[in-house]
Each structure stands twice: as structure tokens, then as C-alpha cells.
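Each ligand, and each atom within it, is numbered from 1 in the order the structure gives. As a basis for the values below, the full set of heavy atoms in this structure was taken, side chains included, without hydrogen atoms, waters or symmetry mates.
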Amino acid sequence: MGSKRGLVPPFLLSLLLHFILRTSAAKGGIAVYWGQNGNEGTLAETCATGRFSYINIAFLNKFGGGQTPELNLAGHCNPATNSCRIISDDIRACQKRNIKVMLSIGGGIGKYSLSSKEDAQNFSLYLWNNFLAGHSGSATRPLGDAALDGIDLDIELGSSLYYDDLVKLLKSYNKIGLKVYVTGAPQCPFPDRLMGVALNTSLFDYVWVQFYNNPPCQYTSGNTDNLRNSWIRWTSSVNARRIFLGLPAAPRAAGSGYIPPELLTAEILPVIRRSKNYGGVMLWSKYWDDQSGYSSAIIKSV
Ligand SMILES: *[C@@H]1O[C@H](CO)[C@@H](O)[C@H](O)[C@H]1NC(C)=O
Ligand SMILES: *[C@@H]1O[C@H](CO)[C@@H](O)[C@H](O)[C@H]1NC(C)=O
């Protein structure tokens, strides 16, 4: 009896083992933006590649201030004639593969801004009923009756106000078994000018920081220091479930910040993967990834 004193109880051992296995097996995933180029394949084809864990459908780029919200999916379909409603089948096909599908609101081109708390409230209800599990009046749902997993905020213009309210409201729709994911794509200069206040709610599940078009905090011709310092800043300051390295999928996908895949896998991923809230890599966009083969080149190291 006494000889067993000092040994670790079996349940603790298995707990420890479980923890070790889990952390060593913890791998990142790839998120990709889909929707802004008609020549990037369908949503179902994108999910069938098996390389992506998260899809952001881009963009709902008109909302707020009492405007009727508008979706823009470039050459994929025309929301005005309801031809985007067929995407529901693709959304469900993605979700069957355990891929999270978000609607991205905002983007670089559009007309959006929230004008008050009431505006945020109305818009959150609109998103819940038209894209999430709300289902009121499903005939008007722009992407048909499939319920998306969440909302992605890519706020790049307009005012910074009331997005914190929007995030809190979206999260308030969380029901048992019906989680609403909230994700976001801030620019890498910290704190983000437009999304900083919303990010400080600590309610985001995934934050894919755009480490491109922002020379002071991105990779620039052989220099990885700015990028690494910025990564540390983001992962140590922002309280989100997972932080992702957002990158252009091809040299021409952004004005600057492209990282050759060999350099990413050899020098950057091994370092940033050590952050405990590391989630993986976000790519802009599916179209550019098709041109370059970037996700195929990096997937094993993510
Ligand atoms: C919010 O919705 C209500 C009810 O439809 C409407 O009366 C009000 O004008 C809306 N507020 C804004 C800011 O659009
Ligand atoms: C949010 O919190 C961080 C600290 O974690 C702080 O540096 C930042 O200034 C805060 N405010 C905004 C607008 O980001």
C-alpha cells in the first residue's frame, strides 16, 4: 500500500498524456476568402480541395445607416435576381466536411458604416434572420436557407463606431448547439484603427490579421523582423480563441507583403506556431491561390 505513495495516480497520468498529445498534435488550418472573382471555382469545389478549414464568403459590402444591405459576389451570381440562393447546397456541402463558413461584411470597396446602437441592433437582427439560423422569411435569404456558421468583420472604411455593439449582439444569438462564430480581419498596424474597439470585446473566435499592404508590420524583401514583432504584439494583446497569419496567396494578390512559400514554411511558420493561440494561415484569396498553388505548397507546415 505504502509503496504506492508518491506515484502519479493513473487518472492524472492519462490526463497529462492527453494534454501532451493534444498540444503536440495541435495544428493550424487555412482560412480563405471566396467570392470576389467568378473564375475561382464554386464554393463546393473550394471546400472539396480539402485544404481549407474556414471559408469567408466575401462580401456583404453595403449596410448600415438605414440602407438595405447588399451582397456582392462578383461574377459568381447576382443577388438582385436571387441567383445566389443556390449557394446553400454548397454551404451545406462545406459544413458536412466540418468547414466553418462565414459571411464577411465590409471589404475594401463598398458603402457601409453603423450610425447608432439601434442601427447595430437592426443589422445584427438582419444578419441573424438572413444568413444565420434565424430563418424568418426564408424566401428573402440572399444565400438561401442554409445557416452560415458566423460573421466575419473586414472593416476597412467608414466609421469605427458600434462594431463592438454588433459583435456583442451577434454573440447574444448563441444558442446551445447553435454557436455563432465571430471572426475578423484587422490590418496589422496595432491597434487596428477601425476594429480595435470591437476586438477589445474579447468575443472573437478567430482573428486573421492582414500582414500585407502594411509595410511597417509585414514581410519585406528578406526582412522577417517586422512581421515577427507584429505577430508577437497581436498574439499577446488580443484575446481571441485563435490568431491567424493573413497573407496574399500570390504576388499580385496584394500591393505588398507576399511571402514566398519556401520562406514561410522554413523560417516563419516554425516560429509563430509556438504561440499558444496560433490558429493557422489566412489567404487572400481563392482566386489567387488557384493561380499560385500557395495553399498546396504550405499546407503540410501549417
Ligand atoms: C430599426 O428598425 C426599426 C424597425 O424596423 C425602424 O423603425 C428603425 O428606423 C430602424 N433604425 C435604423 C437606425 O435604421
Ligand atoms: C484595446 O486593448 C489593447 C490592449 O490589449 C490596447 O493596446 C488598445 O489600445 C485598446 N484599444 C483599442 C482601440 O484597440
Side-chain angles (χ1 to χ4, degrees), residues 59-71 79 103-106 110-142 151-173 180 182-214 216-218 226-246 272 274-279 282:
F59 289 107
L60 183 85
N61 68 347
K62 187 174 163 192
F63 61 82
Q67 304 181 89
T68 303
E70 267 178 33
L71 185 67
L103 172 72
S104 187
I105 65 167
K111 191 160 180 283
Y112 56 87
S113 239
L114 297 173
S115 58
S116 63
K117 275 194 184 196
E118 186 188 275
D119 200 20
Q121 173 101 50
N122 286 6
F123 184 47
S124 73
L125 196 61
Y126 170 84
L127 291 172
W128 171 247
N129 283 327
N130 287 279
F131 292 97
L132 301 170
H135 286 277
S136 95
S138 86
T140 64
R141 290 170 66 93
I151 303 293
D152 175 63
L153 278 71
D154 178 22
I155 306 307
E156 305 202 7
L157 54 87
S159 152
S160 67
L161 297 175
Y162 309 112
Y163 289 107
D164 51 340
D165 296 301
L166 180 68
V167 166
K168 285 175 203 159
L169 288 158
L170 288 171
K171 277 293 181 187
S172 75
Y173 293 118
V180 176
V182 172
T183 69
Q187 311 287 313
C188 59
F190 188 90
D192 186 87
R193 187 173 63 87
L194 295 172
M195 296 182 54
V197 174
L199 287 166
N200 277 8
T201 60
S202 299
L203 291 173
F204 282 70
D205 294 282
Y206 309 126
V207 175
W208 7 81
V209 185
Q210 298 186 44
F211 291 98
Y212 49 95
N213 296 330
N214 287 296
C217 48
Q218 72 188 25
N226 291 346
L227 176 71
R228 287 189 206 195
N229 290 337
S230 179
W231 173 263
I232 290 166
R233 184 85 200 260
W234 276 94
T235 50
S236 57
S237 317
V238 169
N239 185 14
R241 273 177 64 208
R242 295 266 183 268
I243 313 276
F244 293 67
L245 187 73
I272 69 164
R274 288 183 211 139
S275 304
K276 66 177 190 312
N277 48 3
Y278 165 82
M282 173 275 273

- Just say parallel, tilted or perpendicular for the rings of Y112 and F63, cut-offs at 30° and 60°. parallel
- The reported gap from CG in D165 to CD in Q121 (rounded to nearest 0.5 angstrom) is 9.0 Å
- Message: Could you identify the single nearest non-hydrogen protein atom to atom 11 (N) of ligand 1 and state the distance to 0.1 Å?
- Response: E118 OE2, 2.6 Å
- Return the option from N122, L125, D119, L114 holding the heavy atom at the smallest distance from atom 1 (C) of ligand 1. N122
- Nearest to atom 3 (C) of ligand 2, what protein heavy atom do you find, and at what distance? N200 ND2, 3.9 Å
- Note on the structure: Quick note on ligand 2: atoms under 4.0 Å from a heavy atom of F190 include exactly 7 (O)
- Between R141 and L132, is there a donor-acceptor pair closer than 3.5 Å when you use the side chain of the first and the backbone of the second? yes
- Query: Less than 4.5 Å apart, any side-chain heavy atom of K171 and any of D205?
  - Reply: yes
- Message: Please list, in number order, the atoms of ligand 2 under 4.0 Å from a heavy atom of V197.
- Response: 13 (C)
- Pick whichever of S202, P191, S237 has a heavy atom sitting closest to atom 14 (O) of ligand 2. P191
- Task: Please state whether the rings of W234 and F190 are parallel, tilted or perpendicular, taking 30° and 60° as the class boundaries.
- Result: perpendicular
